[in-house]
Amino acid sequence: MTAATTVAVHLGERSYDILIGKGLLEEAGARIAALAPTARLAIVTDSNVAALHLGTLSASLDRAGLKHDTITIQPGEASKAYGPFAEVCDGLLATKVERGDFVVAFGGGVVGDLAGFAAAVIRRGMRFVQIPTSLLAQVDSSVGGKTGINSSHGKNLVGAFHQPSLVLADTSVLDTLSKREFRAGYAEVAKYGLINDAPFFHWLEKNWADIVSGGPARQEAIAISCRSKAGIVARDETETGERALLNLGHTFGHALEAVTGYDSSRLVHGEGVAIGMVLAHEFSARLGLCPQEEPSRVAAHLDAVGLPTRLGQVPGGAGTAATLMNAITQDKKVKRGKLTFILTRGIGESFIANDVDPAAVTDFLTEKLGDAR
Ligand SMILES: NC(=O)c1ccc[n+]([C@@H]2O[C@H](COP(=O)([O-])OP(=O)(O)OC[C@H]3O[C@@H](n4cnc5c(N)ncnc54)[C@H](O)[C@@H]3O)[C@@H](O)[C@H]2O)c1
């Protein structure tokens with residue numbers, strides 16, 4: 001077996017391990033059989049991942065004697081919607097999986113969120129395994145049990161908490177990920193430094209090139225990210241407090257995804273998060289909460305990696321302050337007319353602010369969009 005790094009997610013009877021390492025896909029059958037030797041598996045994947053890696057996974061399951069069927073969806077955010085969700089649910093039921101069987105989410109965050117949500121509701125809840133194949137999914141979306149789809153009212157508004165039984169993050173599958181998607185996932189890696197771990201952010205400033213090129217720092221960065229998220233999730237599984245910190249940059253980022261119509265050719269999630277994290281630092285500096293030089297340091301790092309950091313970089317434009325505010329207020333982080341934002345006192349010092357004045361955000365966005373012209 002591969003010498004994988006193990007990160008434990010401590011959630012009482014819902015605890016599970018995240019295994020991180022090269023070659024885990026080839027061992028998926030043995031690893032899943034160790035949990036349930038006679039379970040049937042229904043793999044949900046997208047056509048990109050299927051073309052590149054489904055053969056390896058299927059062969060591994062065959063070697064372990066595990067029966068499996070596959071449901072393949074279209075790649076991209078548009079699949080996190082009611083129509084594809086219904087197709088996945090019906091597809092799973094057609095495979096005749098029972099409650100004790102497993103759904104296997106094999107792909108990026110879109111597949112993980114969609115298949116995880118289907119697993120949460122099919123037969124009132126089935127066990128599932130996450131085999132994340134994008135960097136974003138390995139460091140973020142496959143960990144912590146948030147599943148769901150988008151509605152015309154906003155992103156991730158229909159969903160459930162449903163923890164996987166196992167996460168297998170094979171770092172070698174990242175070699176086939178496009179550079180753009182890899183960078184998008186990197187935004188979420190940087191997020192863990194920005195939230196509460198300044199030394200990790202400083203380490204990333206020195207080691208990002210090795211992470212991008214697939215050197216030893218890659219596995220380490222993924223493990224540190226998973227450990228960080230696992231810790232937060234163990235302390236606050238259903239986001240009554242601290243877990244909201246993981247939304248750093250996401251309120252702005254989700255609004256950008258909404259105004260660009262969830263069109264991956266214009267903006268992918270991690271790119272929205274990158275711009276959103278810079279905006280969160282700039283907004284915090286404008287409110288006098290964080291030193292003026294911090295936003296530039298954050299932007300400089302994300303720029304170096306090749307991520308967009310400014311509203312002016314959104315292809316086709318980032319809309320108006322009004323359209324962005326409309327998207328922001330549709331987002332779920334709004335309570336009694338006040339906005340909840342993750343703000344910061346500096347790198348590694350993010351905090352939850354529950355009473356942000358919408359007018360201050362509108363003014364800030366108006367100014368930023370003016371700069372972008
Ligand atoms: N549940 C959570 O806690 C959570 C956290 C963060 C993000 N998300 C969600 O995750 C989604 C974004 O995830 P994503 O960035 O992985 O997007 P994605 O699933 O769309 O994957 C990005 C692209 O990469 C392709 N791909 C994936 N793995 C590949 C591989 N190994 N080789 C080649 N191509 C590959 C996919 O087919 C797709 O085209 C968003 O919907 C976001 O809301 C969820």
Side-chain angles (χ1 to χ4, degrees), residues 9 24-25 44-54 56-57 72-81 84-85 105-117 119-120 128 130-151 154-164 167 169-189 191-192 214 225-226 229-230 232-233 237-239 243-250 253-254 256-258 262-265 267-274 276 307 331-332:
V9 187
L24 281 168
L25 200 50
V44 181
T45 188
D46 75 23
S47 53
N48 291 337
V49 175
L52 292 161
H53 301 293
L54 185 59
T56 310
L57 175 61
T72 307
I73 63 160
Q74 292 294 316
E77 187 70 27
S79 285
K80 264 177 65 174
F85 175 66
F106 182 44
V110 165
V111 165
D113 283 7
L114 179 65
F117 185 34
F128 84 115
Q130 287 270 18
I131 307 186
T133 62
S134 68
L135 179 61
L136 185 142
Q138 295 194 352
V139 298
D140 194 351
S141 60
S142 66
V143 177
K146 273 193 184 179
T147 71
I149 57 172
N150 305 325
S151 133
K155 224 175 122 68
N156 301 331
L157 292 182
V158 180
F161 286 99
H162 188 53
Q163 300 292 345
V167 181
D170 183 342
T171 53
S172 55
V173 301
L174 300 178
D175 293 340
T176 59
L177 197 62
S178 71
K179 286 199 170 59
R180 183 181 176 207
E181 291 293 356
F182 190 91
R183 286 195 292 259
Y186 187 92
E188 304 278 11
V189 175
K191 180 183 78 177
Y192 294 108
S225 301
C226 287
K229 181 155 185 185
I232 292 174
V233 167
E237 184 181 7
T238 55
E239 200 172 311
R243 186 166 178 167
L245 291 173
L246 295 167
N247 294 322
L248 175 66
H250 283 59
H254 284 172
L256 290 170
E257 284 188 89
Y262 302 109
D263 175 356
S264 327
S265 68
L267 195 78
V268 295
H269 178 76
E271 293 169 339
V273 169
L307 279 159
D331 206 40
K332 58 186 183 293

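Read the numbers this way: they start at 1 and go in the same order the structure lists the ligands and their atoms. These numbers come from the heavy atoms of this one structure, side chains and all, not from hydrogens, waters or symmetry mates.
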With a 4.0 Å heavy-atom cut-off (strictly under), which part of L174 contacts ligand 1: side chain, backbone, both or neither? neither

Which of the numbered atoms in ligand 1 are under 4.0 angstrom from any heavy atom belonging to L52? 32 (N), 33 (C)

Does L54 reach the side chain of V49, with side-chain heavy atoms less than 4.5 Å apart? no

Evaluate the side-chain contact (heavy atoms from CB on, under 4.5 Å) criterion for residues F106 and L25: first the C-alpha distance (whole Å), next the side-chain angles of each, then the deciding distance (0.1 Å), finally the verdict. CA-CA 10 Å; F106 182 44; L25 200 50; 3.6 Å; yes

Q138 and E188, any side-chain heavy atoms less than 4.5 Å apart: no

Protein contact of atom 32 (N) of ligand 1 - nearest heavy atom, named by residue and atom, plus distance: T176 OG1, 2.7 Å

Return yes or no for this condition: an N or O of V49 is under 3.5 Å from an N or O of ligand 1. no

Within the structure, does D140 bring an N/O atom to less than 3.5 angstrom of an N/O atom in ligand 1? no

Looking only at protein heavy atoms, which one is nearest to atom 40 (C) of ligand 1, and how far off is it? E77 OE1, 3.3 Å

Around atom 25 (C) of ligand 1, find the nearest protein heavy atom and jot down its residue, atom name and distance. N48 ND2, 4.2 Å

Show which atoms of ligand 1 fall inside a sub-4.0 Å distance from at least one heavy-atom site of P75. 37 (O), 39 (O)

K155 N/O under 3.5 Å from ligand 1 N/O: yes

Would you call V173 a ligand 1 contact, heavy-atom distance under 4.0 Å? yes

Check each heavy atom of T133 against ligand 1 and say whether those closer than 4.0 Å belong to the side chain, the backbone, both or neither. both

To check you understand the geometry: which heavy-atom pair defines the closest contact between P84 and A78, and what is its length? CG-O, 4.0 Å

Side-chain touch H269/H250, heavy atoms, less than 4.5 angstrom: yes

Just so I know, are the side chains of K146 and N156 near enough to count as touching, which here means a heavy-atom distance under 4.5 Å? no

Ligand 1 and T147, any nitrogen or oxygen pair closer than 3.5 angstrom? no

To check your reading of the model: name the closest protein heavy atom to atom 34 (N) of ligand 1, its residue, and the distance in Å. L177 CD1, 3.9 Å

Atom indices of ligand 1, in the order listed, that fall short of 4.0 Å to a heavy atom of K80: 9 (C), 40 (C), 41 (O), 42 (C), 43 (O)

Is there any N or O on S178 that sits under 3.5 Å from an N or O of ligand 1? no

Audit row: N150, E257, side-chain hydrogen bond (donor to acceptor under 3.5 Å, both in side chains) steps and yes/no: CA-CA 11 Å; N150 305 325; E257 284 188 89; over 6 Å; no

Go through ligand 1 atom by atom and flag the ones less than 4.0 Å from a non-hydrogen atom of N156. 43 (O)

If you compare all heavy atoms of E237 against all heavy atoms of F161, which two are closest, and at what distance to 0.1 Å? O-CE2, 3.3 Å

Looking at A160 and T147, what are the two nearest heavy atoms and their distance? O-OG1, 2.8 Å

Hey, is ligand 1 close enough to G109 that some N/O pair sits below 3.5 Å? yes

Do V110 and P75 have side chains that approach each other closer than 4.5 Å (heavy atoms only, starting at C-beta)? no

Decide whether an N or O pair under 3.5 Å exists between R243 and ligand 1. no

Applying a 4.0 Å heavy-atom criterion (strictly less than), which segment of V268 is in contact with ligand 1: side chain, backbone, both, or neither? neither

Side-chain donor or acceptor of R243 paired with backbone N/O of V233 under 3.5 Å: no

Identity and distance of the protein heavy atom lying nearest atom 2 (C) of ligand 1: S141 CA, 3.5 Å

Under a 3.5 Å distance rule, please check whether Y186 uses its side chain to pair with a backbone N or O of L307 as donor and acceptor. no

Say whether H53 and T176, considering side chains only, have a donor N or O and an acceptor N or O under 3.5 Å apart. yes

Are Q163 and Q130 packed together at the side-chain level, in the sense that at least one heavy-atom pair is separated by less than 4.5 angstrom? no

What one should report as the nearest heavy-atom pair of F128 and A105 is CD1-CB, 4.5 Å

Which of the atoms in ligand 1, numbered in the order shown and given with their element, are less than 4.0 Å from a heavy-atom of D113? 1 (N), 2 (C), 8 (N), 9 (C), 44 (C)

For ligand 1, is any non-hydrogen atom under 4.0 Å from K146's backbone (N, CA, C, O), its side chain (CB onward), both, or neither? both

Considering only non-hydrogen protein atoms, determine which one is nearest to atom 36 (C) of ligand 1 and report residue, atom name and distance to 0.1 Å. D46 OD2, 3.3 Å

Return the residue, atom name and 0.1 Å-rounded distance of the protein heavy atom closest to atom 16 (O) of ligand 1. S134 OG, 2.5 Å

Atom 3 (O) of ligand 1: which protein heavy atom is closest, and how many Å away? K229 NZ, 3.3 Å

